[in-house]
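Below is one structure; the comments refer to it alone.
For the numbers below, each heavy atom of this structure counts, side chains included, while hydrogens, waters and symmetry mates do not. Just so it is clear, the model here is predicted, and its values are computed rather than measured. Ligands are counted one by one from 1 in listed order, and the atoms in each one are counted from 1 as well.
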Amino acid sequence: MDNPSKSLISLAAALQQIDQAIIALPGEEIVPVSEARGRVNAQTLTARQDSPPYTNAAMDGYALRAVDIAPRGATRLRCVGQALAGHAYPHPLKAGECVRIMTGAGLPQGADTVVMQEVVTRHDDQVSIPAPPRPGEHVRRQGEEFQATDPVCMPGRCLNSADLGLLASQGITEVLVRRKVRVALFSSGDELAQAGTARTQAQIYDSNRPLLQAALETLPVVLVEMGTLPDAPAALRERLQHASTQADVIITTGGVSVGEADRMPEVLAELGTLHLWRLALKPGKPLAFGQIQHAWFFGLPGNPVSALLTFMLCVRPALLKLAGQGYQHLPRFPAQLTHAWHKKSGREEYPRGVYSRSEAGHLCVRLLNDQDSYRLTSLTQANCLVAVAAATQQLSAQSWVDIILLDHCFCL
Ligand code: AMP
Ligand code: MG
C-alpha cells in the first residue's frame, strides 16, 4: 500500500495532527485516596481546613508571650507546664509565664513565640533566655500555608505520593478521578513465540508486548485485550475490529512497514481511517496513526527499540491527553556531546546515549556505538535519548544537543 501522502511526515507535524485529532475521554469515578496514585484528578479540590489547622511550635523549646520579652538582656520566665504534640497545655498563658513545648504541639492561648531549648537555661521552673528572641519566631501560624476553601489540587493533575499526603492531611479519603484509558495491546508477526513456550528455529521471542505492557503500567491505563496477531489480513481484520469495540486505544507492533507481510496499514484503511503513516524519524519510520470506529489506533514498528521510542514520543502524550492530563511531551535538557557524531539519514534521529555530569558541572552525553533498532541492549545500556534534527548531518565533539532522560519518561 502507498503512503497516503507519499513523503515522510515530520515528527512535529505528526504530533500536532495527533493532538488535534484526540480529546480527553469522558468518564470519572471515585476511588479511595490510598488507590489514587497515578490517577488524574477530575475536579478542583479545595481545602477543608486551614493548614496548619492550629498554631503550633516549629521547634522543641519554650512557648512564651512576646510582650514578656525584656527589650535588652535576659528574659526570665516561670515554666508552668508543658505542651506535647497531641496534648495541648489547657490554660491561657499569664504574664511572666512560659510553657515547655515540643514541635507540633499547639501554642497555649496567649503564647505567640517559641524559643529553642538550646538557647535557654533552666533551673527548676525558672527559665532564662539570655538575649531577646524575635517576637513570633519558630511558630507555624494557623492557615499560613493555605486556608480553608483555597484550591489545593487542580483538575488534570496526575496524583503523586505528595498529593495523596496533602489530601490525607485534609481528612479527605476519596477522590474523583478520570476513568482509565482502555488499551488493547497486540504484538504482530508470524515469527513471534511467547517466552515460556518452545521456539522453532524460524521464531523469535516476543519482546514488544512485555516491554510496552510495562511502559503502559506507568500510565492511567487499563489493558483490556492483548495477544499476538498473525500477518494474515483476515485475522488482523477480525481481531482489530473486535478490539475496537473493547478499547479506547489499540496499540500494535510490527507489520506497519512496506514489506510483503506488512498488512497493518491496508487493514486499518479498510476497517477505519489511516490518518498518518510513515514519519521522517529514526528509529520509528513506519509509525501509523488512525482510527477504527471510536478507537484510536497506533501501529508501532516491530523492532523493539523503534516500538518503545515511538511509544514514548507519540503514544504516551496521546494517552495522557485522553486520560485528561493534557498533551505532554517529555522534558528535554541541554547536554554536550563527548564525541563527534555523523548522521546519515535525512530524518530526525533519536540515538541512545549515556549522560553524566561533566567536570565543569553540566550534563554531557556519550552516544552508544551500536544504534540498530533491533538491539535492545542499546536501550538497556543507555540512560537517555539524544534528539538530533532532520537537517543536522554532522555533530562535532562539544556541540550542544537536547537529551530526553529515560528515567524521566517513566517508561523504563
Ligand atoms: P516488522 O515491523 O513487522 O517488519 O518487524 C521489524 C522487525 O522487528 C523484524 O525483525 C521482526 O521480527 C521484529 N519484531 C516484530 N515484532 C516483534 C516483537 N514483538 N518482538 C521482537 N521483535 C519483533
Ligand atoms: Mg512483521
Can you list every pair where an N/O of ligand 1 is under 3.5 Å from an N/O on the protein?
from	atom 1	to	atom 2	distance (Å)
ligand 1	2 (O)	Gly302	N	3.1
ligand 1	3 (O)	Gly255	N	2.8
ligand 1	8 (O)	Gly302	O	3.4
ligand 1	8 (O)	Asn303	N	3.1
ligand 1	8 (O)	Asn303	OD1	3.4
ligand 1	12 (O)	Glu191	OE2	2.5
ligand 1	14 (N)	Gly302	O	3.2
ligand 1	19 (N)	Asp206	OD1	2.8
ligand 1	19 (N)	Asn208	ND2	3.3
ligand 1	20 (N)	Ser207	N	3.0
ligand 1	20 (N)	Ser207	OG	3.4

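- The shortest distance between side-chain heavy atoms of Ile129 and Tyr62 does not fall below 4.5 Å.
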Subject >> Candidate pair Arg278 and Leu8, rule side chain to side chain contact (heavy atoms under 4.5 Å, CB included), full reasoning >> reply: CA-CA 6 Å; Arg278 305 187 76 215; Leu8 301 179; 3.7 Å; yes

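- Among residues two or more places apart in sequence or in another chain, the side-chain hydrogen bond (donor to acceptor under 3.5 Å, both in side chains) test is passed with Gln117 by Arg100.
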**OP:** Quick one: do Leu300 and Leu212 satisfy side chain to side chain contact (heavy atoms under 4.5 Å, CB included)? Show the steps, please.
**Re:** CA-CA 11 Å; Leu300 310 185; Leu212 292 175; 4.0 Å; yes

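- The pair Arg39-Glu29 counts as a salt bridge, with a side-chain nitrogen and a carboxylate oxygen less than 4.0 angstrom apart.
- If you check the side chains of Gln336 and Ser358, you find no donor sitting under 3.5 Å from an acceptor.
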